[in-house]
Number of protein chains: 2
Amino acid sequence: MGRDDAVNQSDRCGDADGGSAAPSRRKDARRNKETLLEAAATVFVTSGVDAPVRDIASRAGVGLGTLYRHFPTRADLIIGVYRHQVQACADAGPALLAAAPSPHDALRQWIDLFVDFLVTKHGLAAVLRSDQAGFAALHDHFLDRLLPVCAELLDAAVTAGEIRADIDALTLMRGVGNLCIGAESDPDYDARRLTRVLVDGLRRPH
Amino acid sequence: MGRDDAVNQSDRCGDADGGSAAPSRRKDARRNKETLLEAAATVFVTSGVDAPVRDIASRAGVGLGTLYRHFPTRADLIIGVYRHQVQACADAGPALLAAAPSPHDALRQWIDLFVDFLVTKHGLAAVLRSDQAGFAALHDHFLDRLLPVCAELLDAAVTAGEIRADIDALTLMRGVGNLCIGAESDPDYDARRLTRVLVDGLRRPH
DNA sequence: GACGATACGGAACATCGTTCCGCTTTGGCA
DNA sequence: TGCCAAAGCGGAACGATGTTCCGTATCGTC
């Protein structure tokens, strides 16, 4: 819990928007966006990513209209808050593959990293799984960044003959994400151990 | 999908309340309760277990007050609708243990049964996992009926030396339940296969 | 048939997401 | 510096949903 690795650092850089949209020309707009991200990050920790939108707006000291202009959906807000951590997790993949004694070991370590990230974000895993309209962007963002990494690790392990080949990266990631649901609020449920059992189950039966 | 086994039959017997509460002395009350259960079962199939309460009440042709009197929480309604199927799943455990070639095989088959049940009920797995207040009763009901069965199968497999001993029945059931979340609405996500991988992972490493 | 207990129905209230629009601020320009 | 159009802001208002409450209707009994 709370391992001090690259994935769980919460620093964000100055620019609130790491994406493709051009930052506003107006200073107040940029400041509000940044303020909203900070407020959201705080509220997410205490109330989870399902916290009422009003709570976030009021903590940021802005109106609802302002929040919705900068972040049309809750998914946008969540992406904004966790963008850098997701990227760090993605970056860790190739490094682990290079350093670990075997591809399966790298996969296991990488999934540990992913699980540590998810489990420390109240409700993130649940909303990541959500099929509700409006969360597609969140889903896509995670998949865009992490799926290729997972696929690379998986392929390497399959090529090395270490694991079975009938589970694709998408299914595995969703499974791991699902296993993390509720883990943050229940000390009796050990999502980390369970994901390791799952990854163990990938091993080629002989 | 839609396997015709004992667990997935949807018949209910005459008495709407299989639980401990004494049935009402009034005929209209008993009839309304039964009507509500039928309406809920129908609505759950089409709109999932998260369907608006009003939809169920209106389909049953009763007022909201009536619905809330008979089923104070959504969990009570869900329990009422699926009570018999849960019981059938519980009953299948000992039978499988007696018939299967090995305890681990029995466990695998029983979990297949459980997964088949969950996957065919839109949103059930998700709400089963929910930590929200009001769903504790649902959680407890499932655990009361199924946890002992799971524990028995797990113990037998451990005793037979087939699987590792560091995963308890509660964790396993929650993990399986979690793996089923969203499976009903996404053909690309194969919860059955994933749960088999998980159960495979339980095998004692040698 | 009368009467008390029980149950019914749905209006009313609370919460939350989302939209909309009149007002304010900002940045560029003369 | 002063002006102005564009951009942004705030929060009232609306719709959906869960939940409560109470006046009225119905049932079972005597």
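Reminder, nothing fancy here: chain letters follow the sequence lines and each chain counts from 1.
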Ignoring hydrogens, what is the shortest heavy-atom contact between B:Ile79 and B:Ala137? Give both atom names and the distance.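 Here B:Ile79 and B:Ala137 meet closest at CD1-O, 3.5 Å.
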Rounded to the nearest angstrom, tell me the gap between atom [atom1] in [X] and atom [atom2] in [N].
{"X": "B:Glu34", "N": "C:dC8", "atom1": "CD", "atom2": "P", "answer": "14 Å"}
{"X": "A:Asp76", "N": "C:dG17", "atom1": "CG", "atom2": "P", "answer": "15 Å"}
{"X": "A:Gln132", "N": "D:dA16", "atom1": "CD", "atom2": "C1'", "answer": "13 Å"}
{"X": "A:Arg31", "N": "D:dA7", "atom1": "CZ", "atom2": "C1'", "answer": "14 Å"}
{"X": "B:Arg74", "N": "D:dG18", "atom1": "CZ", "atom2": "C1'", "answer": "8 Å"}
{"X": "B:Arg69", "N": "D:dT20", "atom1": "CZ", "atom2": "P", "answer": "13 Å"}
{"X": "B:Tyr68", "N": "C:dA7", "atom1": "OH", "atom2": "P", "answer": "19 Å"}
{"X": "B:Phe71", "N": "D:dG18", "atom1": "CZ", "atom2": "P", "answer": "16 Å"}

Could you please name the option among [options] that lies closest to any side-chain atom of [X]?
{"X": "B:Asp28", "options": "D:dT26, C:dT25, C:dG9", "result": "D:dT26"}
{"X": "A:Leu64", "options": "D:dT20, C:dC8, C:dT18", "result": "C:dT18"}
{"X": "A:Val62", "options": "C:dT25, D:dG10, C:dG17", "result": "D:dG10"}
{"X": "B:His70", "options": "D:dC9, D:dA12, C:dC8", "result": "C:dC8"}
{"X": "A:Lys27", "options": "D:dC27, D:dG8, C:dG27", "result": "C:dG27"}

Between [X] and [Y], does at least one N-O distance fall below 4.0 Å, as a salt bridge requires?
{"X": "B:Asp105", "Y": "B:Arg108", "value": "yes"}
{"X": "A:Asp116", "Y": "A:Arg192", "value": "yes"}
{"X": "B:Asp112", "Y": "B:Arg196", "value": "yes"}

Could you check whether A:Arg26 gets within reach of a base, just the sugar-phosphate, or nothing at all, counting any heavy atom under 4.0 Å?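 Result for A:Arg26 = base.
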[X] vs [N]: side-chain N/O to OP1/OP2 distance below 4.0 Å:
{"X": "A:Ser24", "N": "D:dG8", "answer": "yes"}
{"X": "B:Arg54", "N": "D:dA16", "answer": "no"}
{"X": "A:Thr66", "N": "D:dG10", "answer": "yes"}
{"X": "B:Asn32", "N": "C:dC8", "answer": "yes"}
{"X": "A:Arg25", "N": "D:dA7", "answer": "no"}

By nearest heavy atom, map B:Gly65 and B:Ala51 onto DNA chain D; which one lands nearer the 5' end?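 Between the two, 5'-proximity favours B:Ala51.
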Check the side chains of B:Thr73 and B:Asp76 for a donor-acceptor pair under 3.5 angstrom, ignoring hydrogens and angles. yes
